[in-house]
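Worksheet: the structure to be examined is printed underneath.
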Amino acid sequence: MKQFRNMALPYIVWMVAIIVVPMLLIILYAFTDKGNDVATIRFTFENFARFFSDTVFMSVLKRSLYIAVITTVICILLGYPVAYVIANRSERSKIFWILLITLPTWINMLVRTYAWMGILQDEGVINHFLGFLGIGPITMIHTSFAVVLGMVYNFIPFMILQIYTALTKMDKSYLEAASDLGANRIQSFLRITLPLSIPGVISGITLVFLPAVSSFFIPKLLGGGQYVLIGNVIETEFLTSGDWNFGSAISLAMAVIIMISLYITKKVDTDPAANGREDK
Amino acid sequence: MEKKKIRLFSKGLLGLTAIFFYVPILYIILFSFNSSRSLTKFEGFSLRWYEKMFADSTMMEAVAYTVIIALLATLISTIIGTLTAIGLSKSRKLMRGIVEQVNNLPIMNPEIVTGIGLLMFFSALGIKKGFLTLLLAHIMFCIPYVILSVTPKLRSLDPNLADAALDLGATPMQALWKVIVPQIRPGIVSGALIAFTMSFDDFVISYFVTGNGVNNISILVYTMSKRVNPSINALSTLVILLITLVLLIVNFIPIMKEKKGRKTT
């Protein structure tokens, strides 16, 4: 079978070139001075120092993390009941609803975000509706509310699908045993279903938090030009001011912060019931 | 009584979910037929924004680039991804593990990080930003998904099958093409589908690696959305229709085939 083994070789070369090298370039740029030349290369921590000592950048970073955490929490609180309800329906109904939730994720995210621009306007559908009820108009576009809404809209399908998968994989005989032993519905939910579905929630968090922290077109479209998250800063550094070294440092800092957050999330999940889970 | 309440609650919840997901999509489709410029008031049916879109050469170019890049990236990444997955399934465990880890990087990394990495990579190589960089980038992020969807099918494949074919005098090419590929076809098809939609919908990575006036639909929507331009609604509707069509075709072809197969047997 040696002949077949060699078929992976071209890709391995390509992979190192186009996946590994760019990552190394980011690290290299982040730790070097502007005006990069192979001959005059100079290592420095200045890019990081500049980022972490600047109060404006720090407030942007804080806001990005805050928005991402809020988005993730809302996705769990709204996504969990939806996943739970779907997981408890008949087989045919399950397929239908999962398809219904998956379908929008195949449609261009930018287009779906753009759709909210019209809906959230001061004269938009929501305010029109509120007007009938004698409320408003409430300014929604270009607020944090709009940004979080856009993120929840785009990312909640991932949360629902992950929790749904965890719930359907669960061994139903645990629930039967619990009710045989006299547990009521709420008890068996809290002590069996919930702990067993935590792995789904955790992988859902990964899939929501990560794009939420780094998103830059959602804040731009729904938050307006003044609404800056960390992704927007990176975009500006690379495409407008052209300071690749500083931009690389910010990206690297962001990637590390994301990794640490996700690592902590996984560590917090030390519930014994969740052990022996299947990794997705 | 309590059961009824629960049932009502779950029905209501699902209804609201459907509304939440589909209202924005229907909203865009509706307003693409609006006769006025307004994004908030529907003032009558018209096709003027479609006319405008078809007359707009930057929009039509973006559509063409999006489709061409998606088709090329799908074709190339499906072939390379499948061959690589087969090769890896016969490789040593260590090698397989390393490749899997590296492959996960573009999937797990924030897209913006992948985008700027590629931007610096192409510039370091002196490749001008444009069609070629866009295509290379798309191939780069599509292949890992193809490998991911083909690998499980290979795992459930009997490893002796290819050996048997070789023993019976098949050339390696024949063994590959006539024995292995037909068995893993569902994985290849779903890999190709994921690759196509990933490429067709991509914004972030494309935005960083393109240049020289080469835009795809997403980039165009992003740059045009700063001003009110209802043609974007028409373009978006076109995108929604295209993707829905692709999904329908991919989902219905197996059903049709099955029906045909049943008829002939």
Side-chain angles (χ1 to χ4, degrees), chain A residues 1 3-12 15-16 18-23 25-26 29 81-82 85-86 88 97 100-101 103-104 106-112 114-119 121 123-125 128 153 210-211 213-214 216-217 221 231 234-235 238-239 244 247-248 251 254-255 258, chain B residues 10 13-14 17-18 20-25 27-28 31 39-41 80 83-84 86-88 90-91 95 99 102-103 105-106 108-114 116-121 124 136 140 143 162-163 172 176 197 200-201 203-204 208 217-218 221-222 225 232 236 239-240 243-244 247:
Chain A
M1 300 313 300
Q3 309 90 320
F4 291 143
R5 192 184 283 188
N6 293 334
M7 290 192 319
L9 282 179
Y11 181 67
I12 293 171
M15 183 185 84
V16 170
I18 207 167
I19 297 180
V20 179
V21 172
M23 294 298 131
L25 277 177
I26 294 177
Y29 269 87
V82 173
V85 166
I86 295 175
N88 283 305
W97 282 101
L100 198 92
I101 285 169
L103 209 63
W106 294 88
I107 297 169
N108 200 314
M109 230 179 231
L110 208 83
V111 165
R112 284 182 296 135
Y114 170 75
W116 283 101
M117 283 178 77
I119 297 175
Q121 293 292 336
E123 316 87 48
V125 197
H128 221 73
Y153 180 69
L210 191 126
V213 173
S214 59
F216 73 95
F217 63 85
L221 260 54
I234 298 174
E235 180 203 357
F238 273 92
L239 298 179
W244 292 4
S248 297
S251 314
M254 181 184 75
I258 290 174
Chain B
S10 52
L13 187 70
L14 290 179
T17 309
F20 179 60
F21 280 130
Y22 287 92
V23 159
I25 296 169
Y27 190 87
I28 276 211
F31 277 83
L39 275 177
T40 50
K41 249 195 201 121
I80 299 179
L83 292 179
T84 306
I86 295 171
L88 284 177
K90 311 284 181 202
S91 299
M95 182 55 97
V99 175
V102 177
N103 254 338
L105 277 175
M108 291 307 293
N109 253 334
E111 275 186 298
I112 193 168
V113 174
T114 308
I116 59 161
L118 286 171
L119 166 75
M120 294 193 288
F121 176 68
L136 288 174
M140 173 258 179
I143 292 179
D163 286 329
L176 184 70
T197 53
F200 192 84
D201 288 345
F203 167 65
V204 179
F208 281 98
I217 296 174
S218 308
V221 172
Y222 182 69
S225 64
I232 301 178
S236 302
V239 171
I240 295 168
I243 282 292
T244 315
L247 289 179

Closest-packed option against chain A by number of heavy-atom pairs under 4.5 Å, given [options]:
options: B/I240, B/V23, B/L176, B/I217; result: B/L176
options: B/I86, B/T244, B/N103; result: B/N103
options: B/I116, B/L119, B/V99, B/V102; result: B/I116
options: B/S91, B/G87, B/P106; result: B/G87

Heavy-atom pairs under 4.5 Å with chain B - which of [options] has more of them than the others?
options: A/G247, A/P104, A/G124; value: A/P104
options: A/G118, A/P10, A/P81, A/S251; value: A/G118
options: A/V213, A/I101, A/V20, A/L9; value: A/I101
options: A/I119, A/V82, A/I107, A/L25; value: A/I119

So for [X], is it side chain, backbone, both, or neither that comes closer than 4.5 Å to the heavy atoms of chain A?
X: B/L14; answer: both
X: B/L118; answer: both
X: B/F20; answer: both
X: B/T17; answer: side chain
X: B/I243; answer: side chain
X: B/L105; answer: side chain
X: B/V221; answer: both

Residues in ring pair (Phe, Tyr, Trp, His ring centres under 6.0 Å) contact with B/Y27, at least two apart in sequence or another chain: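 Per chain and number, B/Y27 pairs via ring pair (Phe, Tyr, Trp, His ring centres under 6.0 Å) with B/F31.
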
Just so I know, are the side chains of [X] and [Y] near enough to count as touching, which here means a heavy-atom distance under 4.5 Å?
X: B/F21; Y: A/L100; value: no
X: A/M15; Y: B/I143; value: no
X: B/P24; Y: A/Y114; value: no
X: A/P22; Y: A/I26; value: no
X: A/F216; Y: B/V204; value: yes
X: B/F200; Y: B/V239; value: yes
X: A/R112; Y: A/Y153; value: yes

query: Are a donor atom and an acceptor atom from the side chains of B/T114 and B/N109 found within less than 3.5 Å of each other?
result: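 Short answer, no.
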
Segment of A/I18 engaging chain B (4.5 angstrom heavy-atom cut-off):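 Its backbone and side chain both get close to chain B.
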
- line: Okay, A/W106 and chain B: the region with an atom under 4.5 Å from a heavy atom over there is both

message: Can you give me the closest heavy-atom contact between B/S225 and A/M117, atom names plus distance?
response: O-CE, 3.7 Å

Residues that A/E235 engages under salt bridge (Lys or Arg N to Asp or Glu O under 4.0 Å), provided they are two or more places apart: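 So A/E235 forms a salt bridge (Lys or Arg N to Asp or Glu O under 4.0 Å) with A/K220.
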
